Protein chains: 2
Amino acid sequence: MPIQCESCPLRRLPVFDPMTPEEVAFTQRFKVGEMVVDAGSVVMQEGLGSSQLFTVLEGLGLRYKTLPDGQRQIISFVMPGDFIGLQSAVMEDMGHSFRATTRMRLCVFDKRRLWTLFESHPDRAFDLTWLAADEERFLGETLASLGQRPAATRMAWLLLHLYRRGRELGLTDGATMPLPYRQQDMADALGLSLVHTNKTLARLREGGVVNWQDGILTVPDAGALARAANADPSEVRHRPLI
Amino acid sequence: MPIQCESCPLRRLPVFDPMTPEEVAFTQRFKVGEMVVDAGSVVMQEGLGSSQLFTVLEGLGLRYKTLPDGQRQIISFVMPGDFIGLQSAVMEDMGHSFRATTRMRLCVFDKRRLWTLFESHPDRAFDLTWLAADEERFLGETLASLGQRPAATRMAWLLLHLYRRGRELGLTDGATMPLPYRQQDMADALGLSLVHTNKTLARLREGGVVNWQDGILTVPDAGALARAANADPSEVRHRPLI
DNA sequence: CGGGCTGTTGAGAGCTTTCAAACCCTGTGG
DNA sequence: CCACAGGGTTTGAAAGCTCTCAACAGCCCG
């Protein structure tokens with residue numbers, strides 16, 4: 001039984017901008033249905049188009065690019081509330097793939113109706129653009145991390161980022177949150193080898209800054225982690241939900 | 001004397017999508033004026049808002065982020081036709097700074113009128129979203145380069161990218177084009193030290209793959225460069241011009 | 001019980017950085 | 001006309017970070 005937008009649990013989270021009843025109703029009409037995918041499913045393929053767009057309701061996934069020689073670069077870690085497929089919506093095809101890491105529940109939208117969104121709901125079109133711009137901002141930060149920070153700092157930065165996002169979404173339980181990715185995922189996100197990722201992780205763990213083991217992330221002191229990450233202080237940004 | 005959108009030389013380039021006379025007229029109304037900035041001017045500051053948006057008419061610039069410890073990461077090399085300031089348009093502030101490398105001529109738009117664009121010109125709003133999505137795609141590719149490729153490949157990839165863009169814009173003269181950046185800029189874009197950038201550049205030059213000296217980029221064989229960059233074959237993407 | 005996936009560890013090789021110094025060119029002032 | 005300072009580019013060499021190679025432990029599953 002698909003969730004009604006009106007009673008969508010995500011909408012109640014304070015990270016997301018409030019919506020008017022009219023906006024909720026429109027989103028409901030825009031929504032085609034729901035889709036549950038198993039862990040490991042590739043939902044969108046780089047280079048291919050898609051007639052569907054998604055908002056993540058539950059579960060975790062990865063967006064990644066594959067290079068001609070087979071290397072993989074993780075673009076982002078996908079969490080509930082994320083809107084997936086904007087690229088295929090406005091251009092012909094996707095610049096990256098999207099794969100479910102855990103079983104996921106996705107809200108499905110029809111790409112062909114996107115135009116009516118732009119025509120009749122400029123506020124929602126604006127939200128869409130906002131999301132794209134926010135994505136650009138985040139990728140800029142990621143770029144700065146990969147380009148300018150050493151391995152340990154980079155890793156601390158990423159774990160801090162994931163922890164902050166998890167907290168916004170109510171995925172945390174005190175200082176811990178589930179984070180069921182593999183070390184190889186982290187390595188491919190940070191541009192490090194698996195071995196070095198493992199050793200860097202061990203050093204952070206020994207330093208007591210952060211611990212990520214058995215799929216559980218533990219951040220005893222977010223401030224200490226932020227210092228290790230050489231990061232600016234936290235700042236919760238509210239964002240639209242599609 | 002500011003250029004009239006109707007006779008804007010950029011619009012005539014085949015890379016840019018054709019516009020209807022009505023769209024041209026609207027863009028003209030959206031345009032507030034023009035601005036010429038000297039080489040070295042910082043036009044937009046990371047973290048600050050801006051009431052203005054720009055489209056580059058002439059000249060080259062850089063978008064970059066500065067980390068808390070002073071390191072700099074170049075986000076992109078800015079060329080004519082690029083739309084600058086989308087982030088400050090839809091969010092409060094910019095996630096990066098923008099600085100002119102050469103003297104630049106900029107088309108100036110008023111951020112406060114952006115909303116009318118979304119309200120009354122859904123096609124242009126769509127174009128704006130398209131640009132944001134394209135930026136996201138490009139940053140994803142950049143991320144993959146920084147994360148997964150060794151220095152020489154990375155550098156070849158970037159020079160190839162710049163050459164292709166220059167060619168689309170008619171900046172090339174046969175196998176050469178002006179590229180008046182510093183080696184330090186290239187280093188900060190690729191996440192390499194200045195010294196290593198210099199040596200890598202020298203090796204590419206000796207290999208005859210590409211030459212970039214005295215502000216002039218020379219690509220004797222684009223195919224060979226693409227192979228050195230481990231890049232997919234060229235593919236000109238048409239894009240909207242704001 | 002064997003195979004496959006994930007995580008861990010040790011060690012040497014290799015790529016990149018940092019440190020230092022020199023070179024070229026240009027603009028400035030004596 | 002020459003000395004000098006400053007920005008950008010080159011070079012050499014040593015230090016350091018990260019990678020690759022190899023091997024092993026733990027776990028789940030057929």
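Chain letters run A, B, ... following the sequence lines, proteins first and then strands; every chain starts at 1. The analysis underlying the following values was restricted to heavy atoms, covering all of them including side chains, and did not include hydrogens, waters or symmetry mates. What you are looking at is a predicted structure, and each value in this text was computed from that prediction instead of being measured.
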> Quick one: A/Asp185 CG to C/dG7 P, roughly how many Å, whole number?
Replying inline: 8 Å

> Over how many whole Å does the gap from A/Asp214 atom CG to C/dC5 atom C1' extend?
Replying inline: 15 Å

>> Rounded to whole Å, please give me the gap between CD in B/Gln148 and C1' in D/dT18.
In response: 14 Å

> When the ring planes of A/Phe109 and A/Phe83 are compared, do they come out parallel, tilted or perpendicular, using 30° and 60° as the limits?
Replying inline: tilted

> Just to confirm, is there a sub-4.0 Å distance from OP1 or OP2 of C/dT8 to any side-chain nitrogen or oxygen of A/Gln183?
Replying inline: yes

> Excluding sequence neighbours, so at least two apart, what forms side-chain contact (heavy atoms from CB on, under 4.5 Å) with B/Thr102?
Replying inline: B/Leu60, B/Met104, B/Pro180

>> B/Gln52: which residues meet the side-chain hydrogen bond (donor to acceptor under 3.5 Å, both in side chains) condition with it, sequence neighbours left out?
In response: none

> Could you state the CD-C1' distance from B/Gln71 to C/dT17, rounded to the nearest angstrom?
Replying inline: 12 Å

> For A/Ile3 and A/Pro9, which heavy atoms make the closest approach, and how far apart are they?
Replying inline: CD1-CD, 3.9 Å

> Just how far, in rounded Å, is P of C/dG7 from CD1 of A/Ile216?
Replying inline: 13 Å

>> I'd like to check the ring-ring contact (aromatic ring centres under 6.0 Å, His included) partners of A/Tyr163; sequence neighbours left out, ordered by chain and number.
In response: none

> When the distance from CG of A/Leu179 to C1' of C/dG7 is rounded to whole Å, what number comes out?
Replying inline: 15 Å

> For B/Trp212 and D/dT10, what is the distance between atoms CH2 and C1' respectively, to the nearest whole Å?
Replying inline: 14 Å

>> Could you report the tightest heavy-atom contact between B/Leu53 and B/Ser88, atom names first, then the distance?
In response: CD2-OG, 4.0 Å

> Which whole-number value in Å describes the distance from B/His196 NE2 to D/dT9 P?
Replying inline: 17 Å

>> On a heavy-atom basis, which atom in A/Val42 and which in A/Tyr64 lie closest, and how many Å separate them?
In response: CG2-OH, 4.0 Å

>> Checking B/Glu141 now: which residues fulfil salt bridge (charged side-chain N to carboxylate O under 4.0 Å, His left out) with it, not counting sequence neighbours?
In response: none

> Which pair of heavy atoms, one from A/Val56 and one from A/Met79, lies closest together, and at what distance?
Replying inline: CB-O, 3.6 Å

> So how far is it from B/Arg165 CZ to B/Leu171 CG, rounded to the nearest 0.5 Å?
Replying inline: 9.5 Å

>> With the threshold set at under 4.0 Å for non-hydrogen atoms, list the residues of residues 59-69 of chain A touching DNA chain C in residue-number order.
In response: none

>> So, using side-chain contact (heavy atoms from CB on, under 4.5 Å) as the criterion, who are the partners of A/Glu58 when residues are at least two apart?
In response: A/Arg105

Protein-nucleic acid N or O pairs under 3.5 Å, nucleotides 11-13 of chain D:
unit_1 : atom_1 : unit_2   : atom_2 : d
D/dG12 : N7     : B/Lys199 : NZ     : 3.1
D/dA13 : N6     : B/Lys199 : NZ     : 3.3

>> Which residues pass the side-chain contact (heavy atoms from CB on, under 4.5 Å) test with A/Asp69, not counting sequence neighbours?
In response: A/Leu67, A/Gln71, B/Asn230

> What pair of heavy atoms forms the shortest contact from B/Trp212 to B/Gln183, and how long is it?
Replying inline: CH2-N, 4.0 Å

Between protein and nucleotides 22-24 of chain C, what N or O pairs are separated by less than 3.5 Å?
none

> Does any residue of residues 187-194 of chain B have a heavy atom under 4.0 Å from DNA chain C, and if so, which ones, in number order?
Replying inline: B/Gly191, B/Leu192, B/Ser193

>> I'd like to know if B/Glu136 and A/Arg137 make a salt bridge, using a cut-off of under 4.0 Å between side-chain N and carboxylate O.
In response: no

> In residues 149-159 of chain B, what residues come within less than 4.0 Å of DNA chain C, judged by heavy atoms?
Replying inline: B/Pro150, B/Ala151

> Does any pair with a residue in residues 174-185 of chain A pass salt bridge (Lys or Arg N to Asp or Glu O under 4.0 Å), and if so which ones, sequence neighbours excluded?
Replying inline: A/Arg72-A/Asp185

> Do B/Glu92 and A/Arg237 have side chains that get closer than 4.5 Å, going by heavy atoms?
Replying inline: yes

